[in-house]
Amino acid sequence: MRAVIATAAGGPEVLSVHEVPDVEPGPGEVAIAVVATAVNRADLLQRQGFYPPPPGASEVIGLECSGTIAAVGEGVEQWSVGDEVCALLAGGGYASRVVVPAGQVMPVPDGVDLVTAAALPEVAATVWSNVFMVAGLKPHEGFLVHGGAGGIGTFAIQLASALGARVFTTGGTAEKLAFCASLGADVTINYRDEDFVEAVKAATGGGGVDVILDNMGAKYLQRNVEALATEGRLVIIGMQGGIKAELDISVLLRKRGAVIATSLRSRAADQKAAICASLVELVWPLVAEGLVRPIVHGTMPLDDVVAAHELMESGEHTGKIVLTV
Ligand SMILES: NC(=O)c1ccc[n+]([C@@H]2O[C@H](COP(=O)([O-])OP(=O)(O)OC[C@H]3O[C@@H](n4cnc5c(N)ncnc54)[C@H](OP(=O)(O)O)[C@@H]3O)[C@@H](O)[C@H]2O)c1
């Protein structure tokens, strides 16, 4: 099989495609002949040596893929060789073949082609698990997602909007924010020249938003808490703005607010399987209806993995970057 190997920790140039021994499924696992994978911001951190794979996971980068089932391990009954699928991975996606627990494999939603399906598992699982399963966003609540034009953001805007929330988002350019509005964002805020707390308060009569999905971590902690409504829930999933911050707890306390931080990759296989089952039941129908669609900035061959990482680092992309294998 072919796989992207990082020769050292470093910049995109450390990545190249090599021939490596095939991986084989163990009990409860399947092997997927990968058709496409997609780039996630976590992949850049792993390449730089800051985000090692969890114990037992492949050293090969790649958190999601689409493809066909190539082999099934002992005890797997729900999948057969040849089925077209997409999958949430703990690693190993940047390769022509990957092994994954059967519970993290999902059918391709109706109306989505097999290549594009590679752009769905990580954003869908992250947004669904955090915004709905953990933070419990309800219809008519206010929801702020930072970085609305990114992979996570484009999915979060559409899903929250489809399920009836009032959606706020931040972005770095007028063009990206216009695209976010076209996806369903009701209030768009340019993080370069606007204070998002003021913008949220102005649009909510001072009340704030009920749920925030945050990619910035330390840099936005205090301001996110200030932008929360009473009994609001802040879910931190990224650390693009650093890892250490001070927080005036009296603000959180007065609001009876919650600050939650989660990592999808480190969840146990049974939790990931529960998230995937919930996605197939409750989110895939919205994708099939066209209410939520995968937003793909561009599709490149796996051999162009260096250029794909450079593109994500440039921040010029909107939505997902897909790699075909
Ligand atoms: N914890 C988990 O389980 C989990 C799972 C998946 C993803 N994540 C995290 O989620 C985040 C998004 O991932 P992704 O794959 O969607 O990456 P991405 O497509 O590269 O998106 C990054 C986003 O960050 C935005 N951004 C940059 N500076 C900002 C600022 N000062 N304020 C607000 N937004 C800013 C960018 O906005 P512009 O392009 O408009 O500048 C862009 O939309 C990453 O931090 C990633 O690590 C976490």
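All ligand and atom numbering here is 1-based and tracks the order in the structure. These values consider heavy atoms only, across backbone and side chains, with no hydrogens, waters or symmetry-generated copies.
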> side-chain contact (heavy atoms from CB on, under 4.5 Å) with A162: which residues, sequence neighbours excluded?
Replying inline: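 A162 satisfies side-chain contact (heavy atoms from CB on, under 4.5 Å) with L291, V292 only.
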
>> My understanding is that only residues two or more places apart in sequence, or in another chain, count here; which of them pass side-chain contact (heavy atoms from CB on, under 4.5 Å) with Q271?
In response: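 Only R267 meet the side-chain contact (heavy atoms from CB on, under 4.5 Å) criterion with Q271.
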
> Parallel, tilted or perpendicular for H146 and F196, by the 30°/60° rule?
Replying inline: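 Aromatic pair H146/F196 classed perpendicular.
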
>> With side chain to side chain donor-acceptor pair (under 3.5 Å) as the rule and sequence neighbours excluded, what pairs involving residues 182-197 come up?
In response: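 Qualifying pairs, neighbours excluded: none.
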
List of N/O pairs, ligand 1 versus protein, all under 3.5 Å?
{"from": "ligand 1", "atom 1": "1 (N)", "to": "I237", "atom 2": "O", "distance (Å)": "3.0"}
{"from": "ligand 1", "atom 1": "1 (N)", "to": "T262", "atom 2": "O", "distance (Å)": "2.8"}
{"from": "ligand 1", "atom 1": "3 (O)", "to": "L264", "atom 2": "N", "distance (Å)": "2.7"}
{"from": "ligand 1", "atom 1": "15 (O)", "to": "R41", "atom 2": "N", "distance (Å)": "3.4"}
{"from": "ligand 1", "atom 1": "16 (O)", "to": "G151", "atom 2": "N", "distance (Å)": "3.1"}
{"from": "ligand 1", "atom 1": "16 (O)", "to": "I152", "atom 2": "N", "distance (Å)": "2.8"}
{"from": "ligand 1", "atom 1": "19 (O)", "to": "G151", "atom 2": "N", "distance (Å)": "2.9"}
{"from": "ligand 1", "atom 1": "19 (O)", "to": "H317", "atom 2": "NE2", "distance (Å)": "2.9"}
{"from": "ligand 1", "atom 1": "20 (O)", "to": "R41", "atom 2": "NE", "distance (Å)": "2.7"}
{"from": "ligand 1", "atom 1": "20 (O)", "to": "R41", "atom 2": "NH2", "distance (Å)": "3.0"}
{"from": "ligand 1", "atom 1": "20 (O)", "to": "H317", "atom 2": "NE2", "distance (Å)": "3.0"}
{"from": "ligand 1", "atom 1": "24 (O)", "to": "N215", "atom 2": "ND2", "distance (Å)": "3.0"}
{"from": "ligand 1", "atom 1": "24 (O)", "to": "Q240", "atom 2": "NE2", "distance (Å)": "3.1"}
{"from": "ligand 1", "atom 1": "28 (N)", "to": "Y191", "atom 2": "OH", "distance (Å)": "3.4"}
{"from": "ligand 1", "atom 1": "31 (N)", "to": "Y220", "atom 2": "OH", "distance (Å)": "3.1"}
{"from": "ligand 1", "atom 1": "32 (N)", "to": "Y220", "atom 2": "OH", "distance (Å)": "2.6"}
{"from": "ligand 1", "atom 1": "39 (O)", "to": "K176", "atom 2": "NZ", "distance (Å)": "2.6"}
{"from": "ligand 1", "atom 1": "40 (O)", "to": "G172", "atom 2": "N", "distance (Å)": "2.8"}
{"from": "ligand 1", "atom 1": "41 (O)", "to": "Y191", "atom 2": "OH", "distance (Å)": "2.5"}
{"from": "ligand 1", "atom 1": "43 (O)", "to": "G147", "atom 2": "O", "distance (Å)": "3.1"}
{"from": "ligand 1", "atom 1": "43 (O)", "to": "G150", "atom 2": "N", "distance (Å)": "3.1"}
{"from": "ligand 1", "atom 1": "45 (O)", "to": "Q240", "atom 2": "OE1", "distance (Å)": "2.7"}

> Does K272 reach the main-chain N or O of R265 with its side chain, forming a donor-acceptor pair under 3.5 Å?
Replying inline: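 Yes, because the side chain of K272 sits within donor-acceptor range (under 3.5 Å) of the backbone of R265.
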
>> As a quick check of understanding, evaluate salt bridge (charged side-chain N to carboxylate O under 4.0 Å, His left out) for D303 and R2, giving each step before the final call.
In response: CA-CA 10 Å; D303 288 307; R2 298 166 72 237; 2.9 Å; yes

